[in-house]
Amino acid sequence: MVLQARAEHSYKCASFVTVVRPCENAAMSKLILIDGSSYLYRAFHALPPLTNAQGEPTGALFGVVNMLRSALAARPEYLVFVSDASGPTFRHQQYPQYKAQRPPMPDDLRAQIQPMLDIVAALGVPILRIAGVEADDVIGTLALQAHAHDIEVIISTGDKDLAQLVRPGISLVNTMTQTTMDDAAVMAKFGVRPDQIIDFLSLTGDTSDNIPGVPKCGPKTAAKWLAEYQSLDGVIAHAGDIKGKIGESLREALPGLALSRQLVTIKTDVPLDGVVTSFVLGQPDRDRLHALYTRYDFKQGLRELDGDVAMPAAAETASAPASPSPASAPVKVQYSLVTRPETLQTWLDKARTASLLAIDTETTGLDSMQAELVGISLAVAPGEACYIPLAHVDPQTPADGLQLGLEPEAGRPPEQLPMQEVLDQLRPLLENPELAKLGQHAKYDMNILSRYGIRLQGLRHDSMLESYIWNATATRHDMDSLARLYLGHDTVKFEDVVGKGAKQKLFSQIDLDTASRYASEDADITLRLHQALWPKLESEPALRKVYDEIEMPLVPVLAGIEQQGVLIDVEELRRQSSELGKRILELQAKAHAEAGHAFNLDSPKQLQAVLFDELGLDAKLKTPKGQPSTNEEALEAIADSHPLPRLILDYRGLAKLRSTYTEKLPQMVNPHTGRVHTSYHQGAVATGRLSSSDPNLQNIPVRTREGRRIRKAFIAPDGWRIMAADYSQIELRIMAHLSADPGLLAAFKAGEDVHRATAAEVFGVPVEAVSSDQRRAAKAINFGLMYGMSAFGLARQLGVGQREAADYMSAYFARYPAVRDFMDRTRQDAQRDGYVQTLFGRRLYLPNIKARQQGLRAGAERAAVNAPMQGTAADIIKRAMIKVAAWLQGRDDARMIMQVHDELVFEVRADAIEAVQAAVVEAMSQAAQLEVPLVVDVGIGANWDEAH
DNA sequence: GTGGGCCCGTAC
DNA sequence: GACGTACGGGCCCACG
């Protein structure tokens with residue numbers, strides 16, 4: 001085999017002519033070997049599929065360039081970018097099936113290789129690609145050569161196979177996950193020493209490279225064997241001693257293991273002698289870099305070029321994905337503080353004539369139903385923003401607002417325009433639906449303004465929701481995160497302005513100049529985020545539609561629900577609390593008696609010691625961290641062998657109800673309104689659902705009789721009723737629709753009890769003859785399927801054997817074959833596109849869908865199957881909420897007060913029940929046109945419990 | 001004191 | 001390892 005080393009063609013040979021010899025203190029010098037291929041793959045799968053303005057894919061490119069920048073920040077004496085060359089390698093010759101299972105490289109990835117090499121070369125970084133040799137082998141060879149010269153070697157890679165090279169003086173770093181790997185880390189990660197990694201990989205094999213290894217032998221088994229027999233040869237020598245199925249599997253695999261070992265061994269003797277020290281950083285080609293950065297919208301890089309700054313430290317190189325906005329020049333910033341009537345007039349004029357007005361409120365807290373308005377900021381163009389302080393106080397005023405009376409010289413508040421006058425002048429603008437507004441999490445500002453008598457209208461955009469719809473999982477959607485990601489901009493942090501801990505101030509105590517800088521920036525950045533995100537959404541009609549027709553119209557609806565709040569019977573909860581308290585004390589005393597001493601029943605750690613160490617009970621389950629579990633399932637399993645587990649179970653049930661619900665809810669009653677106002681989060685759930693917090697009203701108990709009593713405390717005012725309307729089996733109906741399975745469609749169209757119908761099919765009995773156990777099993781299958789559950793999980797759920805569960809599932813799929821097709825198709829779509837979507841086009845990206853780690857990938861596949869159903873259900877109820885809210889507009893006899901994923905709850909005046917019920921059922925059942933009817937069940941009562 | 005990880009449990 | 005999506009309480013430890 002002929003190996004020919006050559007420099008990549010586009011690389012200008014500066015580094016090859018400048019040969020630097022290791023000097024006296026060579027032990028201190030450092031070589032960074034960059035595994036370019038692994039990063040390109042990793043970044044491609046990990047990052048959203050970004051494109052530049054021309055539609056060229058750039059996602060992986062950014063990952064690689066960012067990684068490179070952090071390598072440069074370490075200022076190594078030597079570095080080289082190693083990349084695979086195309087064409088077969090010696091491994092293919094040894095083993096024709098090598099990597100035969102790999103799908104061809106996606107076009108979007110292939111298209112990024114040349115740009116990547118161009119940028120690397122323009123940065124002055126030496127590139128090494130050698131025909132017929134994989135990057136791993138080049139890296140292995142260079143690493144050992146450098147090591148022999150006492151040069152510290154850092155291999156920058158996303159590929160853990162390279163762990164076999166680790167030893168003192170050679171370590172791995174993965175800049176995408178911010179992890180480094182030395183001897184100890186290899187030991188911790190794999191459970192074997194670095195010098196055993198080759199044997200380890202030979203045993204486990206590698207499905208993505210089509211290296212067989214020992215079937216059924218995973219990392220755990222391999223590590224166990226190697227701990228016992230030290231090496232692969234040791235394992236082979238003792239193959240006869242290993243018992244069971246896995247032993248047979250090993251003995252069958254023996255003939256192939258030598259080949260496996262050859263394939264996984266990274267070569268360290270590729271002929272490259274003498275080149276290690278020639279890899280030094282050359283001069284960057286600034287013109288070329290400028291052209292490349294511009295073409296691929298790499299703003300951070302451009303800024304560095306323009307600003308003539310050195311490569312920043314790794315921590316500062318946050319990835320800045322492509323933004324189609326061509327203007328990359330720094331924005332000229334002019335913020336003004338409005339404290340005089342003339343200035344206010346100027347800004348009112350600007351605001352009136354702006355095509356889009358960004359608005360942000362500053363307040364004294366996070367609770368939009370209690371916080372006080374402190375000021376308002378506006379932005380009319382990038383960099384052009386103002387802050388209007390309204391309720392700032394003297395900075396010396398104590399945070400709790402109490403005046404002790406000892407200091408009559410309380411400072412005077414800074415000069416500000418009178419709040420009421422400013423609000424009156426702003427009102428016509430803010431309430432004019434024709435003037436388009438923009439916010440970041442504008443629901444909050446809506447709620448605040450509403451409490452000051454301003455009904456914000458004409459809300460056209462919300463940058464938080466733009467980001468959420470563009471990619472729900474790429475980032476959190478708070479302004480700081482978004483500014484960093486989409487603008488490459490570090491915002492002033494709220495905490496830096498107000499301080500934290502005991503010294504934290506209210507925003508009203510911040511001096512006006514500081515406040516103005518912070519608040520104006522908020523409005524300004526909101527506007528700039530919109531300019532970065534909106535072109536992206538516009539370019540994807542389906543996403544734009546979800547944003548325009550679902551998320552944005554929902555904002556005022558949710559604001560209305562939050563402001564309305566729910567009436568709580570505090571006395572009822574107090575009664576329940578005290579009753580629970582008595583029973584909890586009794587159970588606690590009994591539990592202590594059984595244990596023989598007092599201990600904290602709330603402490604899983606102490607409980608575990610009592611149960612498993614002192615009483616010697618069997619620990620049947622482990623927590624994810626390997627501790628003996630004391631969860632419900634684990635306690636249930638040992639409840640027959642000792643009285644204590646049952647006592648704990650009973651205690652837990654009651655303690656949960658008391659601490660989370662009966663004690664907490666009364667504390668959440670707003671003193672001004674006398675009601676409980678939850679917050680609904682529109683950007684929190686990947687699938688498109690809402691979530692609720694402070695308090696969470698979406699997990700109020702209902703399943704047990706004890707828990708259900710809590711719902712009696714959710715009441716209607718005198719003369720009013722609670723009406724609860726919920727979708728019947730909405731996710732299963734969506735599964736029927738999306739899969740178009742004839743059997744499932746027929747069951748729903750006929751209005752059958754779907755679990756009963758499923759049971760009849762699966763167990764082959766007439767519908768009338770289905771037993772309650774059979775129905776229960778069918779229900780578990782139906783639900784489990786939507787969560788991607790395996791036979792193992794079903795078995796556990798039902799308490800039957802795994803074999804039996806598997807039989808149920810195959811019977812199910814035999815009867816409903818289109819369901820299996822649909823799920824397979826969904827997984828394929830996820831593989832191909834990197835995302836799945838709902839019926840209405842909402843997307844969920846699944847970065848882990850191509851992960852090599854089985855667990856991660858399997859998790860992503862389950863999420864992929866679940867998301868279209870859960871997400872479509874979320875879309876449907878959101879559409880229904882918008883319709884219902886439109887119908888309720890202007891009525892004073894009914895209000896929407898809660899959403900619980902598939903249920904809407906209303907307060908309805910007794911005389912309006914019939915009309916409201918008809919309208920709600922109509923809106924909900926017509927919120928989507930599916931192949932099956934959307935059935936809505938309605939209940940009415942004096943409280944939420946009775947309304948079910 | 002507080003922030004965060006862990007364990008556990010509630011909902012759909 | 002094995003069921004998707006959330007929020008939250010109590011414990012407990014690290015940190016300042």
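Protein chains get the first letters and strands the later ones, always in sequence-line order, with residue 1 at the start of each. Remember, it's a predicted structure, so these values are computed and weren't measured experimentally. Just so you know, these numbers use all the heavy atoms, side chains as well, and skip hydrogens, waters and symmetry mates.
- Note on Glu632(A): only backbone sugar-phosphate atoms sit closer than 4.0 angstrom, heavy atoms only; bases stay farther off.
- OP1 and OP2 of dG10(C) both lie 4.0 Å or more from every side-chain N or O belonging to Lys605(A).
- Set against dC12(B), dT5(C), dC8(B), the side chain of His901(A) has dC12(B) as its closest nucleotide.
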Exercise for the section: Applying side chain to side chain donor-acceptor pair (under 3.5 Å), run through His901(A) and Glu731(A) and close with a yes or a no. Expected result: CA-CA 11 Å; His901(A) 307 310; Glu731(A) 291 190 16; over 6 Å; no

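- Judged by distance alone, with hydrogens and angles left aside, the side-chain atoms of Glu562(A) form a donor-acceptor pair with the main-chain N or O of Tyr680(A) at under 3.5 Å.
- Candidate nucleotides dC12(B), dC11(C), dG9(B) were compared by shortest atom distance to the side chain of Lys656(A), and dG9(B) ranks first.
- Tyr680(A) has its OH atom 17 Å from the P atom of dA6(C), to the nearest Å.
- A salt bridge between Asp773(A) and Arg776(A) is present, with a side-chain N of the basic residue lying under 4.0 Å from a carboxylate O of the acidic one.
- A donor-acceptor pair under 3.5 Å is absent between the side-chain atoms of His737(A) and the main chain of Val932(A), judged by distance alone.
- Within 4.0 Å (heavy atoms only), Val865(A) reaches no atom of the nucleic acid at all.
- A sub-4.0 Å separation between OP1 or OP2 of dC7(B) and a side-chain N or O of Thr623(A) is present.
- Across all strands shown, Ala686(A) has heavy atoms under 4.0 Å from sugar-phosphate atoms exclusively, and none from any base.
- Leu856(A) has its CG atom 12 Å from the P atom of dG4(C), to the nearest Å.
- Side-chain N or O atoms of Arg843(A) include none that pairs as donor or acceptor with a backbone N or O of Leu543(A) at under 3.5 Å.
- Less than 4.0 Å separates DNA chain C from at least one heavy atom of each of the following residues of residues 691-698 of chain A: Ser691(A), Ser692(A), Ser693(A), Asp694(A), Asn696(A).
- The distance from atom CD of Gln899(A) to atom P of dC7(C) is 13 Å, rounded to the nearest whole Å.
- At the phosphate of dC12(C), OP1 or OP2 sits under 4.0 Å from a side-chain N or O atom of Ser603(A).
- The separation of dG1(C) from dC6(B), taken at their P atoms, amounts to 15 Å, rounded to a whole angstrom.
- In this structure, Arg796(A) does not reach the dA2(C) phosphate: none of its side-chain N or O atoms is under 4.0 Å from OP1 or OP2.
- Look at Thr630(A) and you'll find a side-chain N or O under 4.0 angstrom from OP1 or OP2 of dC8(B).
- Nucleic acid contact for Tyr661(A): sugar-phosphate only, since backbone atoms but no base atoms lie under 4.0 Å from a heavy atom of the residue.
- Of the candidate nucleotides dC12(B), dG9(C), dT10(B), dG9(C) has the atom lying nearest to any side-chain atom of Ser659(A).
- Residue contacts shown for Ile700(A) are limited to sugar-phosphate atoms, with no base heavy atom under 4.0 Å away.
- The shortest distance between the side-chain N/O atoms of Arg652(A) and the OP1/OP2 oxygens of dG9(B) is below 4.0 Å.
- Of the possible polar contacts, one joining the Arg857(A) side chain to the Ala851(A) backbone as a donor-acceptor pair under 3.5 Å is found.
- Distances from the side chain of Pro701(A) to the nucleotides dT10(B), dC7(B), dA2(C) place dT10(B) closest.
- Contact annotation for Ala684(A): backbone-only contact, meaning every heavy-atom pair under 4.0 Å involves sugar-phosphate atoms and none involves a base.
- For the OP1/OP2 pair of dG9(C) and a distance below 4.0 Å, the side-chain nitrogens and oxygens of Lys664(A) include at least one atom meeting the criterion.
- A distance of 4.0 Å separates NE2 of His755(A) from CD of Gln729(A), quoted to the nearest 0.5 Å.
- Taking 4.5 Å as the limit, every side-chain heavy atom of Glu572(A) sits out of range of all side-chain heavy atoms of Asn943(A).
- Residue Arg711(A) places its side chain closer to dA11(B) than to any other of dG9(B), dA11(B), dG4(C).
- Put simply, CG on Asp726(A) is 13 Å from C1' on dA11(B), counting in whole angstrom units.
- Residue contacts for Gln606(A): at a heavy-atom cut-off of 4.0 Å it reaches the sugar-phosphate backbone alone, with no base atom in range.
- Protein atom CH2 of Trp944(A) is 11 Å distant from nucleotide atom P of dA11(B), rounded to whole Å.
- Counting only heavy atoms from C-beta on, Gln627(A) has its side chain closest to dC7(B) among dC12(B), dT10(B), dC7(B).
- Going from atom CG of Leu607(A) over to atom P of dG9(C) covers 21 Å, rounded to whole Å.
- Here Asn699(A) does not reach the OP1 or OP2 of dC12(B): none of its side-chain N or O atoms lies under 4.0 Å away.
- Spacing between atom NZ of Lys622(A) and atom C1' of dC6(B) amounts to 16 Å, rounded to whole angstrom units.
- For Arg703(A), whose side chain is taken as the heavy atoms from C-beta onward, the closest listed nucleotide among dG9(B), dG4(C), dA11(B) is dA11(B).
- Once rounded to the nearest 0.5 Å, the distance linking CE of Met369(A) with CG of Asn670(A) reads 5.5 Å.
- Computed from coordinates, the Ile734(A) CD1 to dG4(C) P distance equals 19 Å when rounded to whole Å.
- Aromatic ring centres of Tyr468(A) and His441(A): separated by at least 6.0 Å.
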